[in-house]
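Okay, structure first, notes after.
Chain letters run A, B, ... following the sequence lines, proteins first, then strands; residues in each count from 1. The analysis underlying the following values was restricted to heavy atoms, covering all of them including side chains, and did not include hydrogens, waters or symmetry mates.
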Number of protein chains: 2
Amino acid sequence: MILALAGGVGGARLARGLAAVLPPEKLTIAVNTGDDFEHLGLLVCPDIDTVCYTLAGINNPAQGWGLDGESWAFMDALAALGGENWFNLGDRDLATHVLRTSLAGTHSLSHITAMLAGRMGIAHSIVPMSDDRVRTIVDTDEGELPFQLYFVRRRAEPIFRGIRFDGIAAARPSAGLLDAIDDPALDAIILCPSNPVLSIAPILALPGIRARLAERGVPIVAVSPFIGGRAIKGPAAKIMGEIGIATTPSGLASYYDGLLDGIVIDRTDADAVANGTALYVTDTLMHGGDDQKRLAAETLAFAYSLR
Amino acid sequence: MILALAGGVGGARLARGLAAVLPPEKLTIAVNTGDDFEHLGLLVCPDIDTVCYTLAGINNPAQGWGLDGESWAFMDALAALGGENWFNLGDRDLATHVLRTSLAGTHSLSHITAMLAGRMGIAHSIVPMSDDRVRTIVDTDEGELPFQLYFVRRRAEPIFRGIRFDGIAAARPSAGLLDAIDDPALDAIILCPSNPVLSIAPILALPGIRARLAERGVPIVAVSPFIGGRAIKGPAAKIMGEIGIATTPSGLASYYDGLLDGIVIDRTDADAVANGTALYVTDTLMHGGDDQKRLAAETLAFAYSLR
């Protein structure tokens, strides 16, 4: 049994690869909810949606978020009415947000996510990291900004100084995440190539989770989101540079501070060292389903080799 | 100054005619909110939207509700996710509902309606009958049904036995409605050709409103929604038949129980009498903007003749 921790695009891609090589009962994907936000009265969960859409094969692969073949009549009408239109909500994507919001008063996010994923034809378990409200707040040179204001509205341009996860101290890890950690059959924990600071850190920051993972006694392997010091997508390299963490295998090992048993890195970084953390070198750029499957299989084999 | 009371399609058409012949400061259109409902967590106000879309000239004239050139990607996606899809929400229409719902926690329905109408380019005053929650409940042979369940989901098929307006006793008429009634310049009150039982009755049932209109001392003129005993659109004739009210000028006069000074009726009903209520005979079927304008002008002239 494998537990994968994931955020947005890169994480979703590896998660799809893992789902392609593991049967449904052998994989739990726990997803960051720190990026979630309330927008126009709707509960939007960008990372959960990216993982669900990607696993369902209905995502827009070029764009990295949202649905393939999406239409934008709602956004056009919203703009005409003077509504806030800095966050794009496609017509079809909107069904996810409206349905989730309508259920959120009476059902847990775990329940809603399982229902929506099931309706999308996904057999594997996708669980939010928590059913409680956690909201990532970024401290910048322009002051504190709620995550989506920083990330989407301000295009991650303000200088990143630090981060906090509002609500984290009171947030209980979801039952799905805890069950996966405690599963006697758990073989390894995979940190998907999502942004370490924005996507993986909130999951690890849940009360007790980091210690519980470290003490679990199974290999913990991260797939690096960096190639040659650059992030494949998104502002991870900019952010890590701004808080003084090298976007290298050793920087990653330091950032996770002893949690990792191994790191999967790209051939570009083949000469890297990582303070004694085992490294596995391969092609980490995922162009499509075959790459996702191959990288997932190699990552699993590497993790099993570390047992 | 003219106060028009309106519900859905027929009311919206005459309201558009009135807006075409009266300057913005000379007309207030007070709209039924008994049909409003919460659907998928969204506050939907069908009559307000029909009036706004019609006055803005962006309505679908053939369909009688919704927007012209509407698309349905949201509904398709919602159905795929297993969401309730008995009430159609077009992609562009949805912007109205989402924006209204997002503002409803902090702004009155009057304020939101004025803002949305303004954004649609409407200069005339469209006011909800009340900012407080009123919900029409229909008593049928299948038991009590919230209005939209009866009207849309059950297509008005159950036998209509009676009606009540949940929340009406505590509902305060909107400031816009009260201001129009109390305006010293008020010349006449027009009851648009909307369903008397479903659309006009809730407005009249607001605490004090019926008496206030009757005592105002200006002509009250209804435009009949019936031609030859049939409703132009919708279930008005079926409903009035089921509660034993004739769909004739005299039936209408009886239903409004002395409130009316005059009724505008169709040529088809030229031979009708109405218990002493003045009748004005013309073509009441509105095929388009020219008919709306003509009928509005004739109705106003008739009302002024009754002063």
Side-chain angles (χ1 to χ4, degrees), chain A residues 37-44 48-49 52-53 56-60 66-85 87-107 111-122, chain B residues 37-44 48-49 52-53 56-60 66-85 87-107 111-122:
Chain A
F37 77 130
E38 288 73 25
H39 184 57
L40 297 167
L42 301 171
L43 172 58
V44 181
I48 288 176
D49 290 347
C52 286
Y53 293 165
I58 55 178
N59 62 308
N60 180 326
L67 291 161
D68 206 20
E70 185 60 282
S71 60
W72 303 97
F74 169 81
M75 285 304 294
D76 289 346
L78 185 70
L81 292 175
E84 285 192 69
N85 63 345
F87 192 92
N88 281 317
L89 296 167
D91 298 331
R92 300 185 69 84
D93 183 36
L94 202 53
T96 303
H97 310 311
V98 167
L99 194 51
R100 176 167 42 221
T101 306
S102 74
L103 295 169
T106 49
H107 295 79
H111 178 92
I112 296 166
T113 303
M115 189 276 280
L116 291 173
R119 285 285 181 171
M120 293 180 207
I122 300 167
Chain B
F37 77 129
E38 287 74 26
H39 184 56
L40 297 168
L42 300 170
L43 172 58
V44 181
I48 289 176
D49 290 346
C52 286
Y53 293 164
I58 55 177
N59 62 307
N60 180 326
L67 291 161
D68 207 20
E70 185 61 282
S71 59
W72 304 97
F74 169 81
M75 286 303 295
D76 288 347
L78 185 69
L81 292 175
E84 284 191 69
N85 64 344
F87 192 91
N88 282 316
L89 296 167
D91 298 331
R92 300 185 71 82
D93 183 37
L94 202 54
T96 304
H97 310 311
V98 167
L99 194 50
R100 176 165 45 221
T101 305
S102 74
L103 295 169
T106 49
H107 296 78
H111 178 93
I112 296 167
T113 303
M115 189 275 281
L116 291 174
R119 285 284 183 171
M120 292 180 207
I122 301 167

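Residue contact with chain B, scored on non-hydrogen atoms closer than 4.5 Å, is absent for Thr101(A). With a 4.5 Å cut-off on non-hydrogen atoms, Met75(A) does not touch chain B at all.
Ranking Gly41(B), Ser102(B), Ala104(B), Gly118(B) against chain A, the residue ahead of the rest is Ser102(B), based on heavy-atom pairs under 4.5 Å. Ranked by heavy-atom pairs under 4.5 Å with chain B, the list Leu67(A), Leu42(A), Leu103(A), Leu78(A) is led by Leu78(A). Ranked by heavy-atom pairs shorter than 4.5 Å toward chain B, the options Ala79(A), Gly82(A), Ser71(A) are led by Gly82(A). Note on Asp93(B), Val98(B), Asp91(B): by heavy-atom pairs under 4.5 Å with chain A, the leading option is Asp91(B). Between chain A and the options Leu81(B), Thr96(B), Leu40(B), Leu89(B), heavy-atom pairs under 4.5 Å are most frequent for Leu81(B).
Between Ala77(A) and Arg92(B), the closest heavy-atom pair is CB-O, 3.6 Å.
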